[in-house]
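Data first, discussion second: the structure below is written as structure tokens.
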Amino acid sequence: MFFMKWVNHQVLTGVIVYAATDDMLLTIYSMAGAIFPDKVEGSPRAGNYWSWRSRHRGWSHWPMLYLGLIFFLSRLEEGQLTALPTADLTTIGIYICIGALLHIAEDAVCGKVPLLTPYHKVGIRLFKVGSVSEYLFTIAAVLLCYGLRTHFSFLS
């Protein structure tokens, strides 16, 4: 399998968002989004592995989809296009999309993901999934976030 383990997606995304926002609820929303691109594809164990594999990292890993949703949700929040109080729901949706975007960026360091179109994939493979290198990469990224957060804590 050529995708980061979900636990690493959730931990790394959670640390990045918490370091940036200092908000636990936004962190939780983004951690839910961190598994969304894989979750909507279904489980490789639920049926034919090769059928699942042919769909993996397709439209659900296309960043433009999530960027478009963020744009739409932020316009919805700004304009209050409905009479309903949508601020909380749009914030949740935006941070789920941010989690999905971070998931895609994380997948791009251990394989290829779509970029401008769902069919043209780019990326590098720094490590194999489940390897010690994957966990070391996650630990290093977490420590980097901690260091940046500590160093720039005077900004908040």
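Nothing fancy with the numbering, it's 1 onward along the sequence. Since this is a predicted model, take the numbers as computed values, not measurements.
Atom CG of residue Asp88 and atom OG1 of residue Thr90 lie 7.5 Å apart, to the nearest 0.5 angstrom. Separation of atoms CG (Leu115) and CD1 (Ile104) is listed at 10.0 Å; rounding is to 0.5 Å. Expressed to the nearest 0.5 Å, how far CD of Glu106 lies from OG1 of Thr138 amounts to 7.5 Å. Taking CG of Leu136 as the reference point, atom CG of Leu126 lies at 12.5 Å (rounded to 0.5 Å). Summarising the geometry, atom NE2 belonging to His61 is positioned 4.0 Å from atom CG belonging to Asp38; distances are rounded to the nearest 0.5 Å. In this structure, CZ in Phe36 is found 8.0 Å from OG in Ser60, a value given to the nearest 0.5 Å.
With no hydrogens or angles considered, a side-chain donor-acceptor pair links Glu134 and Asn8 at under 3.5 Å.
Note on Ile70: it clusters hydrophobically with Phe72, by side-chain heavy-atom contacts below 4.5 Å among ILVMFWY residues. There is no path of hydrophobic side-chain contacts, each under 4.5 Å, that joins Met64 to Tyr119. Hydrophobic clustering of Ile, Leu, Val, Met, Phe, Trp and Tyr side chains at less than 4.5 Å, counting indirect connections, keeps Leu12 apart from Met24. Under the 4.5 Å side-chain heavy-atom criterion for grouping Ile, Leu, Val, Met, Phe, Trp and Tyr, Val7 is not connected to Tyr18 through any hydrophobic cluster.
In this structure a side-chain-to-backbone donor-acceptor pair under 3.5 Å is present from Trp62 to Leu116.
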Exercise for the section: Could you please spell out the steps behind the side chain to side chain contact (heavy atoms under 4.5 Å, CB included) verdict for Ile35 and Gln10? Expected result: CA-CA 7 Å; Ile35 61 170; Gln10 290 178 308; 3.7 Å; yes
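Between Gly93 and Leu73 the shortest heavy-atom distance is C-CD1, 3.6 Å. The two residues Val17 and Ser30 come nearest to each other via the heavy atoms CG2-OG, 3.3 Å. The two residues Ala34 and Thr13 come nearest to each other via the heavy atoms CB-OG1, 3.6 Å. Residues Thr27 and Gly14 approach most closely at CG2-O, 3.3 Å, considering heavy atoms. Nearest approach of Pro114 to Pro63, heavy atoms of both residues: O-CD, 3.2 Å.
The existence of a salt bridge linking Arg149 and Asp22 is confirmed by a sub-4.0 Å separation between a basic side-chain nitrogen and an acidic carboxylate oxygen.
The hydrophobic cluster containing Phe71, built from Ile/Leu/Val/Met/Phe/Trp/Tyr side-chain heavy atoms closer than 4.5 Å, comprises no other residue. Met31 belongs to no hydrophobic cluster, as no Ile, Leu, Val, Met, Phe, Trp or Tyr side chain comes under 4.5 Å of its own. The hydrophobic cluster around Leu143 extends to Ile139, counting ILVMFWY residues whose side-chain heavy atoms fall within less than 4.5 Å of a member. Clustering of Ile, Leu, Val, Met, Phe, Trp and Tyr by side-chain heavy atoms under 4.5 Å joins Tyr146 with none of the others.
Ring geometry for His103 versus His9: interplanar angle under 30°, hence parallel rather than tilted (30 to 60°).
Applying the side-chain hydrogen bond (donor to acceptor under 3.5 Å, both in side chains) criterion to Tyr29, with sequence neighbours excluded, gives no partner residue.
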Please list, one pair per line, the donor and acceptor atoms closer than 3.5 Å that link side chains of residues 94-101 to other protein atoms, with sequence neighbours excluded.
none

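Looking at heavy atoms from C-beta onward, Leu65 lies in side-chain contact with Trp59 at the 4.5 angstrom threshold. Contact annotation: the side chain of Thr91 approaches that of Leu26 to within less than 4.5 Å [non-hydrogen atoms, C-beta and beyond].
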